[in-house]
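Input: a single structure, listed below in structure tokens.
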Amino acid sequence: MTFLDILPALKAQMPQLRGRLVANQPLAEFTWFRVGGPAQLLFMPEDEQDLSYFLAQLPAEIPVTVIGLGSNLIVRDGGVPGVVIRLGRGFGNVAAEPGARIRAGAAVPDVKVARAAQDAAIAGLAFLRGIPGAVGGALRMNGGAYGGETKDVLVAARGVDRSGRTCVFNNGEMHHGYRDCGVPQDVIFTEALFAGTPGDPAVIAAEMDKITESRETTQPIKSRTGGSTFKNPPGRKAWQLIDAAGCRGLTVGAAEVSQLHCNFLINRGGASAADIETLGETVRSRVRETSGVELEWEIKRIGVEQG
Ligand SMILES: Cc1cc2nc3c(=O)[nH]c(=O)nc-3n(C[C@H](O)[C@H](O)[C@H](O)COP(=O)(O)OP(=O)(O)OC[C@H]3O[C@@H](n4cnc5c(N)ncnc54)[C@H](O)[C@@H]3O)c2cc1C
């Protein structure tokens with residue numbers, strides 16, 4: 001599957017662009033599941049200014065999709081039409097600031113934010129150790145684990161909208177919900193300011209070790225997976241509904257419902273995105289039949305099916 005190469009035409013319209021543009025870039029390698037087709041065009045901006053410039057120049061009819069570390073993502077086999085944006089080095093700074101605060105670029109892995117907080121004796125951010133995404137994904141998904149959620153520690157987030165305008169959202173303006181955020185979908189987050197409370201680095205380190213240990217025993221973290229597949233319905237646990245519907249270990253092709261944690265789907269090697277999505281839909285319909293509950297996807301699915 002390849003898309004029409006729009007790179008030369010776009011490049012000609014953007015003489016001051018500094019970031020990298022690649023046509024038909026395979027995306028599977030950028031996702032935990034390791035499946036899916038290419039991006040029609042992948043753009044890796046140098047910094048926020050470069051991102052703004054690109055978006056302002058990009059014709060309005062070209063769709064834009066942003067990805068982070070691909071830990072909550074299925075890229076469909078037909079790939080993603082338009083531009084996929086992946087933030088890199090220019091969004092990778094993380095530093096402590098006075099007032100038990102941490103400022104982090106949107107491409108900084110959550111675990112690095114947790115470590116920076118520990119180094120600076122800031123408590124309250126250790127839960128980020130348990131989320132294998134980057135800051136941008138944590139903002140969009142209101143990532144949470146072990147009793148903490150992004151919204152609990154966020155002061156403000158910066159972003160750039162589809163027209164290239166930079167914007168700042170304070171905590172309340174994020175309208176965070178369960179694994180969700182109310183900021184318009186076109187906003188690409190570029191930076192976050194977090195705040196914790198003064199803490200003891202040794203105590204924080206022990207908390208992070210506990211999280212690491214717990215994750216290793218309860219989640220298939222060494223597998224090709226996408227984390228929790230479905231949101232927990234109000235008052236229920238998705239994994240219990242999936243288990244009760246007899247779906248633990250269910251397979252479609254090389255896609256499998258994890259034996260260890262049945263709200264996780266796994267690519268055992270050689271699965272297609274369609275296998276994984278079909279497996280997810282099969283689980284949804286079995287749960288609907290056995291319990292009447294409509295599971296909602298937590299994993300984001302992007303792109304088109306193979307034609
Ligand atoms: C083994 C495993 C365990 C997990 N455990 C947890 C857990 O305990 N708690 C939890 O909350 N999640 C968990 N997840 C899911 C996932 O790690 C989180 O949702 C994470 O926040 C996604 O971040 P990402 O960078 O990987 O984003 P991606 O998966 O790349 O993208 C997810 C969504 O965020 C959007 N996005 C990414 N970057 C930006 C940006 N800069 N601006 C705007 N939107 C952006 C994307 O468009 C997409 O809609 C787990 C996943 C795995 C594989």
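Start at 1 with the first residue, then count along the sequence. All ligand and atom numbering here is 1-based and tracks the order in the structure. Note that this is a predicted model, so its numbers are computed, not measured.
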Closest protein heavy atom to atom 13 (C) of ligand 1, given as residue, atom name and distance to 0.1 Å:
Ile131 CG2, 4.1 Å
Is there a side chain to side chain donor-acceptor pair (under 3.5 Å) between Thr190 and Glu48 once you walk through the steps?
CA-CA 7 Å; Thr190 54; Glu48 191 186 87; 2.7 Å; yes
Parallel, tilted or perpendicular: which one describes the rings of Phe169 and Phe189, with boundaries at 30° and 60°?
perpendicular
Do the non-hydrogen side-chain atoms of Arg103 and Glu191 ever get within less than 4.5 Å of each other?
yes
Is it true that Ser52 and Arg165 share a donor-acceptor pair across their side chains at a distance under 3.5 Å?
no
Sub-4.0 Å heavy-atom contact, Thr31 with ligand 1:
no
Option set Ala107, Gly137, Gly133, criterion heavy-atom distance to atom 21 (O) of ligand 1, minimum:
Gly137
Nearest option to atom 7 (C) of ligand 1, as decided by whichever heavy atom of Cys181, Gly227, Gly144 sits closest:
Gly144
Between the main-chain N or O of Ile67 and the side-chain N or O of Arg86, is there a donor-acceptor pair closer than 3.5 Å?
no
Top protein contact for atom 49 (O) of ligand 1, by heavy-atom distance:
Lys300 CG, 3.4 Å
Does Arg301 qualify as a cation-pi partner of Trp297, given the criterion of NZ or CZ under 6.0 Å from the six-membered ring centre and within 45 degrees of its axis?
yes
Answer with side chain, backbone, both or neither: which part of Asn142 has a heavy atom less than 4.0 angstrom from an atom of ligand 1?
neither
Kindly say whether Val304 contributes a backbone atom to a donor-acceptor pair with the side chain of Arg76 at under 3.5 angstrom?
no
Name the closest protein heavy atom to atom 35 (C) of ligand 1, giving the residue it belongs to and the distance to 0.1 Å.
Arg140 CG, 3.6 Å
Answer whether the closest heavy-atom distance between the side chains of Phe91 and Val135 falls below 4.5 Å.
no
Geometric N/O contact Gly143 with ligand 1, under 3.5 angstrom
no
So for ligand 1, is Ala134 a polar contact partner (N or O within less than 3.5 Å, distance only)?
yes
In this structure, are over 12 heavy atoms from other groups packed under 6.0 Å from Glu213 atom CD?
no
Give the cluster check for Leu73 versus Val35: same hydrophobic cluster or not, with ILVMFWY residues linked at side-chain heavy-atom distances below 4.5 Å.
no
So the atoms of ligand 1 within less than 4.0 Å of a heavy atom of Ala138 turn out to be 21 (O)
Identity and separation of the nearest protein heavy atom to atom 33 (C) of ligand 1:
Met141 SD, 3.8 Å
With respect to Ala145, determine whether any N or O atom, backbone or side chain, lies less than 3.5 Å from an N or O atom of ligand 1.
no
Mark the output for Arg179 as yes if a heavy-atom distance to ligand 1 is under 4.0 Å, and as no if none is.
yes
Tell me the protein heavy atom at minimum distance from atom 24 (P) of ligand 1, and give that distance in Å.
Leu69 N, 3.5 Å
What residue and heavy atom of the protein are closest to atom 22 (C) of ligand 1, and at what distance?
Ser71 OG, 3.5 Å
Answer with side chain, backbone, both or neither: which part of Phe189 has a heavy atom less than 4.0 angstrom from an atom of ligand 1?
both
Closest to atom 6 (C) of ligand 1 by heavy-atom distance, out of Ala106, Ser228, Gly130, is Gly130
Can you list the atoms of ligand 1 that are under 4.0 Å from a heavy atom of Leu87?
41 (N)
Hphob cluster co-occupancy, Met208 + Ile131, side-chain heavy atoms under 4.5 angstrom
no
for atom 3 (C) of ligand 1, nearest protein heavy atom and its distance come out as Gln219 OE1, 3.4 Å
Residue, atom and distance of the protein heavy atom nearest atom 47 (O) of ligand 1 read Val66 O, 2.6 Å
If hydrogens are left out, which of Ser223, Gly68, Pro132 has an atom nearest to atom 14 (N) of ligand 1, that is, the closest non-hydrogen atom?
Pro132
Are side-chain N/O atoms of Thr278 and Asp275 paired as donor and acceptor at under 3.5 Å?
no
